[in-house]
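Structure first, commentary second.
Only heavy atoms go into these numbers, but all of them, side chains included; no hydrogens, no water, no symmetry mates. Counting starts at 1 for both ligands and their atoms, in listed order.
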Amino acid sequence: SLRLVWHNLQQGGTCHCSLYRASGELSKLKFSSFSSLRTINLHDDRLSGRIPHQIGTLTKVIYLHLSCNELSGSIPDQITTLTKLTYLDLSRNELSGSLPPQINTLTNLNYLNLSHNELNGRIPQQIGTLIRLTHLDLYSNELSGSIPDEIDTLTELAYLDLSNNVLNGSIPHQLGALAKLTYFDLSWNELSDDIPSSFGHLSNLISLCLNNNQINGPIPEDIGNLEDLVDLDLSSNSISGKIPSQIQNLKRLENLNLSRNKLSGAIHPSLTYDYKWTSIDLSYNDLEGHIPFELQFESPPGVFEHNKHLCGEIRHWPHCKKGQKITLILVISLLATLCIAFAFLKFLLLPRKMRKMRHMSASAAETRRGDLFSVWDYDGTIAYQDIIQSTENFDIKYCVGVGGYGSVYRAQLPCGKVVALKKLHGWEREEPTYLKSFENEAQILSKIRH
Ligand SMILES: *[C@@H]1O[C@H](CO)[C@@H](O)[C@H](O)[C@H]1NC(C)=O
Ligand SMILES: *[C@@H]1O[C@H](CO)[C@@H](O)[C@H](O)[C@H]1NC(C)=O
């Protein structure tokens with residue numbers, strides 16, 4: 001019980017108080033008796049009630065840790081008299097009310113954690129005077145209004161978490177001055193407007209979370225300067241424009257979440273270069289085009305779902321048919337153009353006389369449907385009809401021999417050409433080995449150009 005602890009403290013606890021699983025009202029403490037205490041560590045207990053005004057008598061305390069209790073009410077103004085404090089943790093309680101503006105007296109603070117409470121009102125601009133802060137955690141409160149510009153003086157900050165509040169307005173570009181930041185979280189607020197390009201100066205950042213806000217505008221190209229970045233979460237905003245190619249500079253990136261935005265255009269192929277993704281999420285955007293090969297290889301399809309038109313060689317995913325068709329059409333039209341050009345050249349170069357002779361012989365064997373067996377004119381149905389017609393449906397009188405697999409017929413086609421035809425017997429057609437040797441024969445014949 002607290003009573004026992006106090007007894008111990010009064011005996012010898014001039015420097016340190018630390019207890020586990022204590023319960024009772026914090027206000028029962030006679031704080032005035034412990035004015036020589038430097039460290040108060042009462043976290044993870046079951047202390048309840050308000051933080052008493054008498055806490056202001058602990059003027060020598062450097063370290064005050066009251067997190068994970070059931071403390072309620074507001075933070076007493078008297079706490080601002082503890083000017084020696086370097087460490088203040090009141091997180092995970094039920095504290096309400098606003099942050100006292102007189103907090104500006106705690107200029108020695110380098111750790112301030114008020115997360116997981118019910119604090120409301122604005123973040124006082126006086127916070128800008130706590131210039132020794134390296135860790136500021138206001139996560140999960142009900143803080144509203146805008147982020148004060150004055151925060152830019154906290155240049156020692158390495159950890160800044162303002163997430164899970166109801167902060168609104170734009171993100172101050174002054175935040176770009178906090179060059180020592182490694183962890184920066186503004187997620188789950190109501191922040192709007194652009195991501196300041198000054199964020200490109202935060203070159204020590206390892207984690208940047210701006211997700212679940214109302215941020216719009218593009219992803220600034222300067223984000224490519226954040227070369228140590230491992231986690232980048234911009235999901236659930238209204239961010240538009242293309243994914244900047246500069247993102248390829250983020251060689252350490254492992255978690256990228258850009259889902260639920262309005263990003264458009266193609267995924268830059270360089271996005272995949274040198275990457276080792278733990279997770280990537282580009283779903284719910286307006287992206288289109290090819291999914292870069294390495295991304296396809298590494299990612300489950302859910303990562304790309306609900307976009308305009310992304311395609312790739314992923315299982316159960318639309319393949320890039322459109323693109324292939326275009327290439328095919330391109331190749332064919334290129335070939336056709338070449339052929340026409342070639343024919344035209346040939347026509348120009350041929351001596352006139354020869355042309356005349358050719359013309360005559362051609363008209364003699366008036367071709368009904370062009371040259372049936374040239375690749376250009378080949379039409380299976382027409383060829384078959386002509387063959388049936390000219391052999392009178394393979395009449396025996398046209399048969400010139402019976403081979404190992406099929407009979408050979410002589411046929412004069414309507415264009416005057418005489419050809420030899422080999423017709424498979426019905427049962428041979430069903431037999432794979434016969435079909436195979438037939439194909440081999442056809443192949444050899446076509447190669448010897450006889
Ligand atoms: C921000 O929220 C406050 C209420 O908390 C409101 O009065 C103010 O107009 C809002 N500002 C913007 C820019 O939305
Ligand atoms: C990305 O963010 C969205 C929305 O904020 C979330 O639903 C999704 O689970 C996240 N994806 C990953 C891979 O964490």
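The list of ring pair (Phe, Tyr, Trp, His ring centres under 6.0 Å) pairs with a residue in residues 153-182, not counting sequence neighbours, reads H135-Y159, Y159-Y183.
A salt bridge does not link K308 with D286: none of the charged nitrogens is closer than 4.0 Å to a carboxylate oxygen.
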Quiz prompt | Derivation of the salt bridge (charged side-chain N to carboxylate O under 4.0 Å, His left out) call for E156 and R132 | solution = CA-CA 6 Å; E156 296 298 312; R132 302 226 172 116; over 6 Å; no
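Taking the ring pair (Phe, Tyr, Trp, His ring centres under 6.0 Å) definition, one finds that Y87 meets it with Y63, H65, Y111, sequence neighbours left out. When the side-chain hydrogen bond (donor to acceptor under 3.5 Å, both in side chains) test is applied to N120, no partner is found at least two apart in sequence or on another chain.
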Distances for all N or O pairs of ligand 2 and the protein under 3.5 Å?
unit_1	atom_1	unit_2	atom_2	d
ligand 2	2 (O)	S235	OG	3.1
ligand 2	2 (O)	N257	OD1	3.3
ligand 2	2 (O)	N257	ND2	2.3
ligand 2	5 (O)	S235	OG	2.7
ligand 2	5 (O)	S236	OG	3.2
ligand 2	11 (N)	N257	ND2	2.9
ligand 2	11 (N)	D281	OD2	2.8

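Put simply, the side chain of N285 gets close to the backbone of L263: a donor and an acceptor are under 3.5 Å apart.
Using a 4.0 Å cut-off to heavy atoms of N168, the atoms of ligand 1 that qualify are 1 (C), 2 (O), 3 (C), 8 (C), 10 (C), 11 (N), 12 (C), 14 (O).
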